[in-house]
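Remarks on the structure that follows.
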Amino acid sequence: MDLYANVIIDITHTDLDRVFQYRIPDGMEDVVSAGVAVKVPFGRGNALRQGYVVEVTDIAEYDTSKIKDVDSVAEGSLPIEAQLIALAAWMREDFGGTMNQALKTVLPVRRKTAERERRMIHLVPCGKEAVALLAECERKHQTARVRLLAALMEQSPLPYETVTGKLNVTAAVIRAMEEKGMVRVEHIRDYRNPLDRMKKKGETVALNSVQQGIADDILSRRKRGDLRPSLIHGVTGSGKTEVYIALIEAAVRERRQAIVLIPEIALTFQTVLRFYNHFGDRVSILNSRMSAGERYDQYERAKDGRLDVIIGPRSALFAPFDNLGFIIIDEEHESTYKSETVPCYHARETAIARAKMCGAMVVLGSATPSIESYARAEAGEYQLYQMMERVSRRQLPVVEIVDMREELRAGNRSPFSERLEELMEDRLAKHEQIMLFLNRRGMAGFVSCRSCGHEIKCPHCDVSLSLHNGGRLVCHYCGYTQPMVTNCPECGSKYIGTFKAGTQKMEQYVRRRFPEARVLRMDLDTTRQKDSYEKILSAFADQEADILIGTQMIVKGHDFPNITLVGVLAADLSLYISDYRASERTFELLTQAAGRAGRGEKAGEVVIQTYQPGHFAVVTAAAQDYQAFYREEIAFRKLMKYPPVWQMLVIHMSSANEGLVNRAADVLQYNLREKIREDAGFQLVGPADAVISKVNDIYRKIIYVKSADYAGLVRIKDELDAFVRENADFKSVAVQFDFNPMDGL
């Protein structure tokens, strides 16, 4: 019986995004399987191309006389995990894009980089034979050989570099001695290790009763076959990381591996340090800041069973572990877990899909769980665990809300309230540390009143209007526009406009106001170089600075016990994003920021400066009351039919020709209306301009389709994708699909 390999060709042309079938020749049946890279004849000229076997089958899908044979298994290429091939196919189906794009996402290291090796020189003769050989070399005045033999008789083997450097023995001499059987040169693969400067402290995890109970229950459920994802809702400082470590230790004892996802590279240093203290060099990292050689070597170490734990941002999810026990997603609420490039996958959903394929468990952790995850926990899809107290019963910080409208009325036009400056002076005098968080999220032209805090919103969508260069306010959900206002429609104040303040400006103000303070700034400008995150965080951890100023990257997961004051500047900026998640983002950021204070023995205080002190996201964050926030927010989502109550398909269209992209948007809108005309379970919104309607002379439009039926949205995506591919009108228009976007569009 003939066997056939369904192969996808490794080329990026989207017209070739389909499977081609090849016959597996006799004798190759045992080496050709799903995930293997093969060479196949392709096209009229039968040029050999590399492809990936997606499936092996005995069903011929074409005329067998026209099916070509697989030429060979590709040599020197990375063997591809069959599981990751299946995951790529799942991602393509659920998130759109081509199979090649999905493969390039799950198999990020596909090109072999130059291997690095160590060489060790061994002495071959031993005992009396070695002594006689040394004497003979002395008699012949072969001084270089004498030096090497004498050194090897004291210690064998020796590093090649030591011999050529300290002993001053040339490569030619070593080669001649090797040919005569005096020495043997061993070539050892030397893996690049991005953590080689770390030292294992050998710390053990001592869990409190709450932590132990959660770890035991998760492990017990796994034994019973209950592999539902676990959601750990724990307040900041409650010790979620210790639970993760305990779970991974249990997996390692069973010779299984774990992937730990963190929302961004800035968290790598402290996170890795804690895991390295327990697992030593069986831990490594994967992220975009590493060199190609470092990434390749970590990929190889993982595949060869040299690693138990991989830590990193979203892309670390695709580490090639063949016996996964746990996938842990820390700070699971973060929007960075959603890819902005095709395929626009969400790491949480993709992790759950991968875990199902290999019998692993997914553990999600956050002080502010995403609305989606908490809703699933309430529905029983996830198992919910609560950690409502900090470790050692340390108190949560005292939080004050300062109304910046009152500061303005009192004549204070500085970015700092009088209360914050007073507390900063106190902490500097006590030699305690301060963190100043500038909430710059949502700086895309929102408009608000500094006098009363009123924001200008769309009357149809309940999201903030964005100010465009033409002086008009635009809603990016329904296309509603209105002229820019000159006075606040709520209180009549003239203090209305956009808020513009950056970390650099704040740093300058702090240095002028507190000239004796040592100040560090952490933002995109100061973290462009490799290792810059670690240098800034290490300096602050070593108390080389009194004040750390930064954007959201400083409030996520860092643990500095000497911070006793956190100031949140412009807390409500993120409320003005043209995004239905604006309140959720604000609550998360404020809660995370507040959680940085008082993590040591000293009590912490937090000052939240805002122009909307009564907004439920600000009030509930100050109270650290997630349940109260969730009740308000889920009611809003139900009312407006937003995720997770309904699901959302977003269709992006872009072209250098404005007329073409407008026509394409109209064609897709008409096509969509025909599909959903009789179905009340779908809602169509748009087309509208994207948040940034023109980028580098490329015009951008958006259409939204909402429905409670996710499978129905996937079906619509597939039908539209096929329609676009077959329609000549879209040759010069790029169309991209996304589900449940995490940021304003």
Item to check | Backbone N/O of L158 and side chain of T162: donor-acceptor pair under 3.5 Å | outcome: no
Checklist entry - Under 4.5 Å between any side-chain heavy atoms of P313 and T336, yes or no? => result no
Item to check | Euclidean distance, R147 CZ relative to L134 CG, rounded to 0.5 Å | outcome: 12.5 Å
Checklist outcome for this item: One should read off an interatomic distance between C344 SG and Q101 CD, to the nearest 0.5 angstrom, of 9.5 Å
Item to check | Pairwise side-chain contact, R221 with R228, heavy-atom cut-off 4.5 Å (strictly under) | outcome: yes
Next on the checklist: If we ignore hydrogens and angles and just use 3.5 Å, is the side chain of N323 paired with the main-chain N or O of R255 as donor and acceptor?
Outcome noted: yes
Checklist entry - So, the side chain of Y22 versus the backbone of P41: is there a donor-acceptor pair under 3.5 Å, distance only? => result yes
Item to check | Side-chain donor-acceptor pair present, N6, Q21, cut-off under 3.5 Å | outcome: yes
Item to check | Close side-chain approach of C358 and L324, heavy atoms under 4.5 Å | outcome: yes
Next on the checklist: Is there a side-chain contact between F326 and V363 in this structure, where contact means two heavy atoms from C-beta onward sitting under 4.5 Å apart?
Outcome noted: yes
Item to check | Between R354 and T350, a side-chain donor and acceptor under 3.5 Å | outcome: no
Checklist entry - Any donor and acceptor pair, going by atom type alone, linking the side chain of S220 with main-chain N or O of D216 inside 3.5 Å? => result no
Item to check | Step-by-step side chain to side chain donor-acceptor pair (under 3.5 Å) determination, S156 to H122 | outcome: CA-CA 5 Å; S156 177; H122 297 255; 4.6 Å; no
Next on the checklist: Heavy-atom count check: over 12 atoms from other residues, nucleotides or ligands less than 6.0 Å from E161 CD?
Outcome noted: yes
Checklist entry - Once you round to the nearest 0.5 Å, how far does CG of L148 lie from CG of L167? => result 6.5 Å
Item to check | R222/E254 salt bridge by N-O under 4.0 Å criterion | outcome: yes
Checklist entry - What distance separates L317 CG from I310 CD1, expressed to the nearest 0.5 Å? => result 12.0 Å
Checklist entry - With distance as the sole test, does Q211 use its side chain to make a donor-acceptor pair with the main-chain N or O of G239 at under 3.5 Å? => result yes
Next on the checklist: I'd like to know if the side chain of E29 and the backbone of G27 have a donor-acceptor N/O pair within less than 3.5 Å.
Outcome noted: yes
Next on the checklist: Test your reading of the model: is there a side-chain donor-acceptor pair from S339 to the backbone of T341, 3.5 Å cut-off?
Outcome noted: yes
Checklist entry - Do the non-hydrogen side-chain atoms of I218 and M361 ever get within less than 4.5 Å of each other? => result yes
Checklist entry - Around atom CG of D542, are there more than 12 heavy atoms of other residues, nucleotides or ligands at under 6.0 Å? => result yes
Next on the checklist: If you apply the rule side chain to side chain donor-acceptor pair (under 3.5 Å), what do you find for Q298 with S284, and how did you get there?
Outcome noted: CA-CA 7 Å; Q298 303 333 296; S284 194; 2.7 Å; yes
Checklist entry - Under a 4.0 Å N-O cut-off, is there an ion pair linking E179 with R175? => result no
Checklist entry - Is a salt bridge present between E178 and R184, judged by a nitrogen-to-oxygen distance below 4.0 Å? => result no
Next on the checklist: For T64, is there any backbone N or O sitting under 3.5 Å from a side-chain donor or acceptor partner on R23?
Outcome noted: yes
Item to check | Heavy atoms from other residues, nucleotides or ligands near NZ of K356 exceed 12 (cutoff 6.0 Å) | outcome: no
